[in-house]
Amino acid sequence: MNISVDSIAEKTFDNFKKITPALIAVAILSGMLLFLPIEILEKMSLNNLPDMWKQIIGIIFLLSLSLIFTLAISSIFSYICSKRKNKKFKENQRKKLQKLSPEQMKIVCKLLRSKEKAIKLDRNSGDTVYLLNGLFIHQPDQAVSLGWDNEMILVYVPQPWLIDLYNEEPELFK
């Protein structure tokens, strides 16, 4: 069994990546011990805590609050960044869609209008390669079938962003 400081630190900080109910409970409990009125603390026999314990409770309170705020802000920032990145990707793909050749656009339209949202294409065709590399179509896992002259005939499906764009703006695909 190989245990290193890095693996222990990684496992420890992986647990802090999510706002857990335990972290919120620690923040609430330490906050209550610090800020409840003396009368309530006396009823629970917590009014005579040594100063050292109060300092530790204060540090725990500040640490738990800062972790909660940091995790919340980072998750919001991450969400905003992913939405912005996705929007930028769709804009770029839309521009690329408008620059497709008529033959490539015919393939895309045929694919999107098909009942199964799938089409068989020659893998070695230049249009197929361009559409595949341009992230317009996707080749799901499948068995290879060979056509005449050893052509590789494969089934392709549209990328999810292409289906969304087709549903939102069908006039682009005329």
Side-chain angles (χ1 to χ4, degrees), residues 1-37 40-41 44 46 49 51-101 104-105 107-109 111-113 116-119 128-142 155-174:
M1 180 175 209
N2 186 9
I3 299 176
S4 68
V5 175
D6 290 338
S7 67
I8 293 172
E10 184 177 322
K11 288 178 185 176
T12 303
F13 287 109
D14 279 346
N15 293 331
F16 287 122
K17 289 183 180 175
K18 299 176 185 162
I19 298 178
T20 60
L23 186 60
I24 294 173
V26 167
I28 291 171
L29 178 64
S30 59
M32 288 173 59
L33 289 175
L34 291 174
F35 302 114
L36 277 177
I40 295 175
L41 292 174
M44 294 187 287
L46 294 172
L49 291 175
D51 286 339
M52 182 65 172
W53 282 34
K54 290 178 184 176
Q55 288 176 347
I56 293 172
I57 292 170
I59 290 171
I60 290 172
F61 176 72
L62 291 175
L63 180 65
S64 60
L65 273 184
S66 65
L67 282 172
I68 289 170
F69 285 129
T70 302
L71 293 172
I73 289 171
S74 67
S75 66
I76 291 169
F77 182 73
S78 173
Y79 176 78
I80 291 170
C81 286
S82 68
K83 285 292 189 182
R84 189 172 183 210
K85 185 178 177 182
N86 191 24
K87 183 179 177 183
K88 187 77 169 169
F89 172 78
K90 283 187 176 182
E91 287 173 5
N92 289 338
Q93 289 300 100
R94 184 174 186 212
K95 289 177 187 175
K96 285 171 51 176
L97 176 73
Q98 293 171 339
K99 293 180 183 177
L100 289 178
S101 71
Q104 293 166 345
M105 192 61 169
I107 292 171
V108 169
C109 290
L111 174 63
L112 290 171
R113 291 182 183 131
E116 298 85 22
K117 297 285 190 256
I119 191 172
T128 303
V129 172
Y130 182 83
L131 292 173
L132 190 62
N133 291 337
L135 300 177
F136 291 98
I137 60 176
H138 170 70
Q139 177 191 348
D141 293 334
Q142 59 189 315
V155 175
Y156 292 91
V157 295
Q159 292 282 357
W161 73 265
L162 191 60
I163 295 172
D164 292 341
L165 186 64
Y166 180 70
N167 291 334
E168 293 168 5
E169 301 178 45
E171 66 275 357
L172 288 175
F173 299 91
K174 291 185 178 183

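- Taken to the nearest 0.5 Å, the OG1 atom of Thr128 stands 9.0 Å off from the CD atom of Gln104.
- Of all non-hydrogen atoms in Tyr156 and Leu111, the two that sit nearest each other are O-CD1, 3.5 Å.
- With rounding to the nearest 0.5 angstrom, the CG atom of Leu65 is 10.5 Å from the CD1 atom of Ile24.
- Counting only N and O atoms by type, the side chains of Lys90 and Gln93 include no donor and acceptor under 3.5 Å apart.
- A donor-acceptor pair is defined here as one N or O able to donate and one able to accept, closer than 3.5 Å; such a pair exists between the side chain of Ser66 and the backbone of Leu62.
- Ile137 is not listed as a side-chain neighbour of Val157, based on a closest heavy-atom distance of 4.5 Å or more.
- Taking all atoms of both residues into account, the shortest heavy-atom contact from Arg94 to Leu172 is NE-CD1, 3.4 Å.
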Show your working on side chain to side chain contact (heavy atoms under 4.5 Å, CB included) between Trp53 and Leu33 and close with a plain yes or no.
CA-CA 10 Å; Trp53 282 34; Leu33 289 175; over 6 Å; no
Set out, in order, the CA-CA distance, both residues' side-chain angles and the distance that settles side chain to side chain contact (heavy atoms under 4.5 Å, CB included) for Ser101 and Met105, then state yes or no.
CA-CA 6 Å; Ser101 71; Met105 192 61 169; over 6 Å; no
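- Nearest heavy-atom pair, Leu36 versus Leu41, reported as atom, atom and distance to 0.1 Å: O-CD1, 3.8 Å.
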Under the criterion side chain to side chain contact (heavy atoms under 4.5 Å, CB included), I'd like the reasoning laid out for Leu100 against Tyr130: C-alpha separation, chi angles, the key distance, then a yes or no.
CA-CA 10 Å; Leu100 289 178; Tyr130 182 83; 3.5 Å; yes
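- Residue Lys54 comes nearest to Leu49 through the heavy atom pair CE-O, 3.4 Å, listed as atom of the first residue, atom of the second, then distance.
- Partners of Lys117 by side-chain hydrogen bond (donor to acceptor under 3.5 Å, both in side chains), not counting sequence neighbours: none found.
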Go through Phe173 and Leu165 one step at a time and tell me if the side chain to side chain contact (heavy atoms under 4.5 Å, CB included) criterion holds.
CA-CA 10 Å; Phe173 299 91; Leu165 186 64; 4.3 Å; yes
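- Across all their heavy atoms, Leu34 and Gly58 have their closest contact at CD1-CA, 3.7 Å.
- Judged by distance alone, the side chain of Asn86 and the main-chain N or O of Ser82 form no donor-acceptor pair under 3.5 Å.
- Within the model, atoms CG of Leu97 and CG of Asn92 stand 12.5 Å from one another, a figure rounded to the nearest 0.5 Å.
- Taken from NZ in Lys88 to SG in Cys81, the straight-line distance is 14.0 Å, to the nearest 0.5 Å.
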Report the C-alpha distance between Trp161 and Phe136 in whole Å, list the side-chain angles of each, state the deciding distance to 0.1 Å, and finish with yes or no for ring-ring contact (aromatic ring centres under 6.0 Å, His included).
CA-CA 8 Å; Trp161 73 265; Phe136 291 98; 5.6 Å; yes
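- Rounding to the nearest 0.5 Å places CD1 of Ile59 at 11.5 Å from OG of Ser30.
- Within a 6.0 Å radius of CZ in Phe77, no more than 12 heavy atoms belonging to other residues, nucleotides or ligands are found.
- Heavy-atom minimum distance, Val108 versus Leu162: CG1-CD2, 3.9 Å.
- Of the inter-residue distances, the one linking Ser74 atom OG with Tyr79 atom OH reads 15.5 Å to the nearest 0.5 angstrom.
- More than 12 heavy atoms of other residues, nucleotides or ligands sit less than 6.0 Å from atom CE of Met44.
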